[in-house]
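These notes concern the structure reproduced below.
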Amino acid sequence: MKFFIDTANLAQIKEAHDLGVLDGVTTNPSLMAKEGIKGIEKIHQHYKDICALTEGDVSAEVIATDFEGMVKEGEELAKLHSQIVVKVPMIKDGIKAIKYFTNKGIRTNCTLVFSAGQALLAAKAGATYVSPFIGRLDDVSTDGMDLIEDIRIIYDNYGYETQILAASIRHTIHIIQCAKIGADVATCPLSAILALLNHPLTDKGLAQFLADAKK
Ligand code: E4P
């Protein structure tokens, strides 16, 4: 399973990259705003800066919600760097835009996916990635993991090559469950990636080994 980091924070991206386990980056308008990145030139430069910190794919989201607007924005984003994947919302014009980008050889990430039907449409339009939001489903008392499982079954039934990019991940259990089901990618906050390191028996065992080594 690939690990993407879900942030626009350059220091966090570097930390995950330096750990040696980073396969890519996802951003969204809220994450860009959190870093105070405003204005088209600064936004474009920030995407280039992110691409310089990873060898993997970097999802950059369009703001337009109409077909023409998404195409214009997406083509500009795709030209910034070969690692850019154009992130498009799961709406009617979004599906049309994904099909357009697919035909043009521009890679896409269909975002804000909350149902298997939406994921099926994204695959049929040729999306490179589909982003089901696990944590936000959990927030409304729906098991987000059931959705990952349903999408995996549907994509395997028909051999769709769209990669399942599990998003809105909040903690390590989400990551482990995604890996068991066979999600292709998990995009996680740095805290969830680092939390995978932790086990009290590791700490206890290491302390004992170090103490014994001094004897
Ligand atoms: C990633 O592509 C999504 O934008 C992100 O995972 C959403 O996460 P959140 O629900 O924690 O905002």
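Counting convention: from 1, in listed order, for ligands and their atoms alike. The first residue in the sequence is number 1, and the count goes up from there. No hydrogens, no waters, no symmetry mates; every other heavy atom, side chains included, goes into these values.
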Any N/O of Asn28 closer than 3.5 Å to an N/O of ligand 1? yes
How close does the nearest protein non-hydrogen atom get to atom 7 (C) of ligand 1, and which residue and atom is it? Phe133 CE2, 3.7 Å
Provide the closest heavy-atom pair for Gly126 versus Ile98 in the form atom of the first, atom of the second, distance. C-CG2, 4.3 Å
Sub-4.0 Å heavy-atom approach of Thr111 to ligand 1: no
Here the atoms of ligand 1 under 4.0 Å from any heavy atom belonging to Ala167 are 1 (C), 6 (O)
Do Arg136 and Phe114 have side chains that get closer than 4.5 Å, going by heavy atoms? yes
CE of Met90 to SG of Cys110: how many Å apart, nearest 0.5 Å? 3.5 Å
Would you call the rings of Tyr160 and Tyr158 parallel, tilted or perpendicular, taking 30° and 60° as the class edges? tilted
Any nitrogen or oxygen of Asp6, main chain or side chain, under 3.5 Å from a nitrogen or oxygen of ligand 1? yes
Mind checking whether Arg136 has an N or O less than 3.5 Å away from an N or O of ligand 1? yes
Which heavy atom of the protein is the closest neighbour of atom 11 (O) of ligand 1, given with residue, atom name and distance? Arg170 NE, 3.7 Å
Polar side chain donor-acceptor pair, Glu76 to His44, under 3.5 angstrom: no
Hey, are Arg152 and Asp184 close enough for a salt bridge, meaning a charged N less than 4.0 Å from a carboxylate O? yes
Does the side chain of Ile63 reach to within under 4.5 Å of the side chain of Glu73, using non-hydrogen atoms? yes
Pairs of nitrogen or oxygen atoms closer than 3.5 Å, one from Lys87 and one from ligand 1: do any exist? yes
Which residue and atom name correspond to the protein heavy atom nearest atom 8 (O) of ligand 1, and how close is it? Ser168 CA, 3.4 Å
